[in-house]
Amino acid sequence: YILIYTSTMFIKKVIRALEQYHVRYALVGGYAVALHGATRGTVDIDIVITLNLKTFKNTEKAFKSIGLEPRLPVTADEVFGFREEYIKNRNLVAWSFVSPRNPMEMVDVVITENLKDIRTVNKAAFDMKIKVAAIDDLIMIKKKSNRKQDREDIKALEKLR
């Protein structure tokens, strides 16, 4: 019960911070799968944002406002400016943020996807509306990742179509 309460409070805090800093986003990880109706446990929150410098800067401000710090010592300017190099040469697919006080509070900003290319739906959860990648788009993203958990998520999401 404590873990569920903590994660509920954290996701609400993350969504409110993104909204306060006018960051358009979509959930794309385990929370997105769960909000579509598949059984899925997860700790971190995975989001996609629009790939432009203003959005990167506002995302960084939003997360810092709730006590999250980048896992790597890079700024929004650097991640945006060197995004393609990071993806190609360093295999970096996400700009990760974590709470120094509680390492269970993590957010990954997927930098290999652009929100402009993803259809979203609103899901009512945790007493708020949350933007989530539409099922077909979520499947597409998970096919690109092709990790074992992503393949399991795809099977579950295909049953929900």
Side-chain angles (χ1 to χ4, degrees), residues 1-36 38-87 89-118 120-133 137-138 141-142 144-145 147 149-150 153:
Y1 174 76
I2 292 170
L3 182 60
I4 292 169
Y5 176 77
T6 302
S7 61
T8 300
M9 296 305 294
F10 180 59
I11 195 165
K12 288 171 84 167
K13 190 165 55 169
V14 167
I15 300 304
R16 286 186 184 128
L18 291 169
E19 290 173 352
Q20 179 184 347
Y21 284 87
H22 308 287
V23 176
R24 292 185 57 237
Y25 71 92
L27 291 185
V28 294
Y31 276 102
V33 173
L35 288 171
H36 277 296
T39 303
R40 172 70 147 80
T42 189
V43 175
D44 66 331
I45 298 169
D46 301 295
I47 67 167
V48 171
I49 60 174
T50 305
L51 299 180
N52 66 49
L53 183 56
K54 180 180 179 184
T55 303
F56 272 68
K57 286 184 172 192
N58 286 346
T59 300
E60 182 178 54
K61 288 176 192 172
F63 291 156
K64 285 188 171 189
S65 79
I66 58 172
L68 300 179
E69 294 293 331
R71 192 179 298 270
L72 298 174
V74 292
T75 66
D77 287 310
E78 292 166 326
V79 176
F80 180 77
F82 297 103
R83 187 181 71 82
E84 289 183 25
E85 179 192 327
Y86 289 164
I87 293 167
N89 298 329
R90 300 182 187 193
N91 201 29
L92 185 72
V93 297
W95 182 26
S96 299
F97 288 81
V98 65
S99 168
R101 292 183 310 279
N102 181 357
M104 296 285 286
E105 293 185 343
M106 297 176 284
V107 181
D108 286 337
V109 180
V110 178
I111 63 171
T112 56
E113 300 292 335
N114 192 340
L115 181 61
K116 290 187 332 186
D117 302 325
I118 297 170
T120 63
V121 294
N122 285 320
K123 294 289 185 176
F126 315 118
D127 300 319
M128 60 190 343
K129 284 186 182 171
I130 300 175
K131 291 267 185 215
V132 179
D137 295 67
L138 189 53
I141 292 166
K142 290 192 164 287
K144 288 179 188 176
S145 293
R147 297 173 306 165
Q149 182 61 59
D150 294 315
D153 289 343

(message) Show the nearest heavy-atom pair for residues P100 and G67, with the distance to one decimal.
(response) CD-O, 3.3 Å

(message) Using a 3.5 Å distance criterion without hydrogens, assess whether the side chain of H36 forms a donor-acceptor pair with backbone atoms of A133.
(response) yes

(request) Might you work through the side-chain contact (heavy atoms from CB on, under 4.5 Å) test for I45 and F97, ending with a clear yes or no? (result) CA-CA 10 Å; I45 298 169; F97 288 81; over 6 Å; no

(request) Return the orientation label for the W95 and F56 ring planes: parallel under 30°, perpendicular over 60°, tilted otherwise. (result) parallel

(request) Determine the sole option in L35, I15, T120 for which the side chain to side chain contact (heavy atoms under 4.5 Å, CB included) test with K131 is passed. (result) T120

(message) Using 0.5 Å steps for rounding, measure from the CG atom of D108 to the CZ atom of R71.
(response) 7.0 Å

(request) With rounding to the nearest 0.5 Å, note down the distance linking CD in E69 to CD in E60. (result) 9.0 Å

(request) Examine distances only and state if a side-chain atom of S145 and a backbone atom of R147 form a donor-acceptor pair shorter than 3.5 Å. (result) no

(request) Enter the distance from R101:CZ to L68:CG here, rounded to the nearest 0.5 Å. (result) 8.5 Å

(request) Check for a donor-acceptor pair, side chain of D137 on one end and backbone N or O of I118 on the other, with a separation under 3.5 Å. (result) no

(request) Would you give the length of the straight line joining atom CZ of F63 to atom CG of N58, rounded to the nearest 0.5 angstrom? (result) 11.5 Å

(message) Determine whether a donor-acceptor pair (N or O, by modelled atom type, separation under 3.5 Å) exists between the side chain of R83 and the backbone of I111.
(response) yes

(message) Suppose we screen for salt bridge (Lys or Arg N to Asp or Glu O under 4.0 Å). Which residues come up paired with K144, at least two apart in sequence or across chains?
(response) E113

(message) Just by distance, no angles: are the side chains of T55 and N52 close enough, under 3.5 Å, to form a donor-acceptor pair?
(response) yes

